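Predicted, not measured: the structure shown is a model, and the values here were computed from it.
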Amino acid sequence: MPREALNVLGTPLITCSIEPLTGWFRDGCCRTGKGDAGVHVVCARMNESFLEFSKRRGNDLTTPRPEYGFPGLKAGDRWCLCAARWQEALHAGCAPEVVLEATHESALEFADMADLKRHAVL
């Protein structure tokens, strides 16, 4: 039996978003597994600054892609981000807010807890 997924606070991982449906497994949770090269474990609340940054970096998250069941994101949506992309956005000064309770503990392999807390959704 697999152990329960934990968040960066050491408590059970909660759902990041059902609408839009997010997560590597498209189950609403920021968990990772085989084949997830991006390690989609940071539950972030999108903002215009980050969405524009991501688009400039080659990952347009705003344009709907119906062929993949992707509705396109807007400011305020929660989404499971690649841990390295969140860290990259942090260094660029445009990291989105983070939902700590919905951010998988493996995010700590990429980001410092202090940085995540500074960007926590309150």
Chi angles and distances behind the disulfide (SG to SG under 2.5 Å) call for C30, C80: CA-CA 5 Å; C30 298; C80 294; 2.0 Å; yes
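- How far CD1 of I18 is from CZ of R78: 11.5 Å, rounded to the nearest 0.5 Å.
- Using a distance-only test at 3.5 Å, with no hydrogens or angles considered, no donor-acceptor pair links the side chain of S54 to the main chain of F50.
- In this structure, SG on C94 lies 8.5 Å from CD on E88, to the nearest 0.5 angstrom.
- Nearest approach of T103 to V42, heavy atoms of both residues: CG2-CA, 3.8 Å.
- Between the CG atom in L6 and the CG atom in L13 there is a gap of 8.0 Å [rounded to 0.5 Å].
- Heavy-atom minimum distance, A83 versus V41: CB-CG2, 4.0 Å.
- Scanning both residues, W24 and R31, for their nearest heavy atoms gives CB-O, 3.6 Å.
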Using salt bridge (Lys or Arg N to Asp or Glu O under 4.0 Å), reason through E52 and K55 one step at a time and then give a plain yes or no. CA-CA 5 Å; E52 183 56 38; K55 190 173 189 176; 5.4 Å; no
Test L116 against L108 for side-chain contact (heavy atoms from CB on, under 4.5 Å), laying out the working first. CA-CA 9 Å; L116 293 170; L108 295 172; 3.8 Å; yes
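- The shortest non-hydrogen separation linking H104 to V8 is O-CG1, 3.4 Å.
- Minimum interatomic distance between A92 and F53 (heavy atoms only, all atoms of both residues): CB-CE1, 3.6 Å.
- The minimum heavy-atom distance linking G76 with R45 is given by the pair O-CG, 3.6 Å.
- The main-chain N or O of P12 is found under 3.5 Å from a side-chain atom of N7 such that the two form a donor-acceptor pair.
- Linking Ile, Leu, Val, Met, Phe, Trp and Tyr whenever their side-chain heavy atoms come within less than 4.5 Å puts L100 and L90 in one cluster.
- Not less than 2.5 angstrom separates the SG atom of C29 from that of C16.
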In sequence, state the C-alpha distance, the side-chain angles, and the governing distance for M113 and L9, and then conclude on side-chain contact (heavy atoms from CB on, under 4.5 Å). CA-CA 9 Å; M113 186 62 171; L9 301 172; 3.4 Å; yes
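- Residues W86 and I14 are members of separate hydrophobic clusters, defined by side-chain heavy-atom contacts under 4.5 angstrom among Ile, Leu, Val, Met, Phe, Trp and Tyr.
- Rounding to the nearest 0.5 Å gives a distance of 7.5 Å between CG of L21 and CG of D27.
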Before you tell me yes or no, could you show the steps for M46 and L81 under side-chain contact (heavy atoms from CB on, under 4.5 Å), namely the whole-Å CA-CA distance, both residues' side-chain angles and the distance that decides it to 0.1 Å? CA-CA 10 Å; M46 299 294 99; L81 289 183; 3.9 Å; yes
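- L73 contributes atom CG, which lies 11.5 Å from atom CG of N47 (distance to the nearest 0.5 angstrom).
- Using bins of under 30°, 30° to 60° and over 60° for the plane-to-plane angle, the ring pair F70/W79 lands in the perpendicular bin.
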